[in-house]
**Q** 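Handing you a structure now.
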Amino acid sequence: MVKKYTRSYAQEMDEQDELKQFRSEFYLKNESIYMDGNSLGLMSKRAENALHNIIDSWKKYGIDGWMEGDHPWYYLSERLGEKMSVLVGGKKDEVIATGSTTVNLHQLVSTFFQPEGKRTKILADALTFPSDIYALKAQLQLKGYDESHLVQVQSEDGNLLNEEHIIEAMTDDIALIVLPSVLYRSGQILDMERLTREAHKRNIKIGFDLCHSIGSIPHDLHKWGVDFAFWCTYKHLNGGPGSVAGLFLHEKHFGVAPGLAGWFSSAKDKQFDMEHTLTPANNAGAFQIGTPHLFSVAPLIGSLDLFHEAGIEKVRRKSLALTDYLMELIKYELDGHGVVICNPENHIQRGGHIYVEHPEAARICKALKMKKVIPDFRTPSGIRLAPVALYNTFEDVYDCVQIFKTIMEDELYKQFENVREVVS
Ligand SMILES: *Cc1c(COP(=O)(O)O)cnc(C)c1O
């Protein structure tokens, strides 16, 4: 047999892995192969300790925890923003830890959607995550426009977007563009630099949803001139269920009044003056609204340290090697079983996960789970597999495909119904 397709090859790759020491930082699910880190990353010991540290600071300091302890609460959102700025290629004060993905989208669109004259529309795409579309429609409605003012660029094959089509849709009635950096289903990376340049040539502001790219691929948002971005921290960043999100505001917009203001939008030294006229922070912090959710932001203190130690370039390099290997094994071992790879295969366009389609996907996923492989199903026929650089191994990938093969050969999926679970 060709060496590549053997377990010993996978084990050799693990031996050479420059990030291998990070696996022991995580709580791996007992005996299972976790391939779902792009939906909910696993807990690390550092995240757990950081959460305990913040709980203890409440116990120990009461209200003085705002200014005392290892991580004074009053400045924690800014400090974590600094840590995340490295991952998005922003300056320190262009990033803040706050809110949730969807709330941050509302915040940013309520600020940057300023219809004027002919420019009254928002440009998005037909493949993005539903929450983004609900938020954009709601924002249009708040400004007195109906759904016809949301332009969604269509996909030809249902999985990928063509950047040419996006650029063609940047017409002179578009006021704002909101797109994903990586499509949640097919894992396609959009060329953010190019799209930003084209949008700005046409005087249109542009922002990106980084939910599926942060912690998985490097970004250079400041240099690219992206107007704003937002993301969650519970997927590749391993912040835990419902962990506090992040946003990026390009320095050129510092001083813009936030659409949704609150007292945490204040300049830090003015906030406790308690005036009824807001003095917004002169950085991304102005886009905070109220008191930070300390117990939901705490795990990030630990989990972001892991990214700093590993370095996002190395994370990306290993992620590509894992997904390359996964695709090779799928092609070799699952040949003839009707499993179609639908993510982009080239490195430039491929994000952190693999996306395959099969008509029996819902029950194949149930069979995978029965066999202790944790995938994620996307209706109607998609399976996402995300081998994560910080905690998955090449041997995990090898085992995952071997189990997948057994399920197909022995038709183990037939014992399940081909319908999705409530949460999938
Ligand atoms: C995960 C995800 C969300 C989730 O939004 P929340 O407000 O965090 O629940 C939104 N958009 C995209 C593209 C996502 O991948």
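Keep in mind it's a predicted model, so treat the numbers as computed, not measured. Each ligand, and each atom within it, is numbered from 1 in the order the structure gives.
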**Q** Is the closest side-chain donor-acceptor distance between Ser77 and Thr98 under 3.5 Å?
**A**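 Side-chain D/A pair, Ser77 to Thr98: absent.
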**Q** Can you confirm if the NZ or CZ of Lys268 lies within 45° of the ring axis of Tyr74 and under 6.0 Å from the centre of its six-membered ring?
**A**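 Yes; both conditions hold, so Lys268 lies above the ring face of Tyr74.
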**Q** Under 3.5 Å, N or O to N or O, is Lys235 touching ligand 1 that way?
**A** yes
**Q** Taking atom types as modelled, find out whether His200 and Asp227 have a side-chain donor-acceptor pair closer than 3.5 angstrom.
**A** yes
**Q** Does the residue Pro180 have a heavy-atom contact with ligand 1, meaning some pair of atoms that are separated by less than 4.0 Å?
**A** no
**Q** Do Asp376 and Ser39 have side-chain N/O donor and acceptor atoms under 3.5 Å apart?
**A**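 Yes, a side-chain donor-acceptor pair sits under 3.5 Å.
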**Q** Judged on heavy-atom distance to atom 5 (O) of ligand 1, which of Leu105, Leu40, Thr101 sits nearest?
**A** Thr101
**Q** For atom 13 (C) of ligand 1, which protein heavy atom lies nearest, and how many Å away is it?
**A**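 Among all protein heavy atoms, the one nearest atom 13 (C) of ligand 1 is Asp209 OD2, 3.1 Å.
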**Q** Have a look at ligand 1 and work out which part of Asp132, if any, has a heavy atom under 4.0 Å from it: side chain, backbone, both or neither.
**A**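 For Asp132, only side-chain atoms sit under 4.0 Å from ligand 1.
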**Q** Would you say ligand 1 has an N or O under 3.5 Å from any N or O of Thr102?
**A**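 Among all N and O atoms of Thr102, at least one is under 3.5 Å from an N or O of ligand 1.
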**Q** Just need the protein heavy atom nearest to atom 4 (C) of ligand 1, so name the residue and atom and give the distance.
**A**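 Ranking protein heavy atoms by distance from atom 4 (C) of ligand 1, first comes Tyr234 OH, 3.2 Å.
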**Q** List every atom of ligand 1 that sits less than 4.0 Å from any heavy atom of His212, numbering the atoms from 1 in the order shown and giving each element.
**A** 15 (O)
**Q** Aromatic ring centroids of His353 and His212 under 6.0 Å?
**A** yes
**Q** Let's go through His219 and Ser181 carefully: what are the C-alpha distance in whole Å and the side-chain angles of both, what is the deciding distance for side-chain hydrogen bond (donor to acceptor under 3.5 Å, both in side chains) to 0.1 Å, and is it a yes or a no?
**A** CA-CA 10 Å; His219 307 73; Ser181 51; 4.8 Å; no
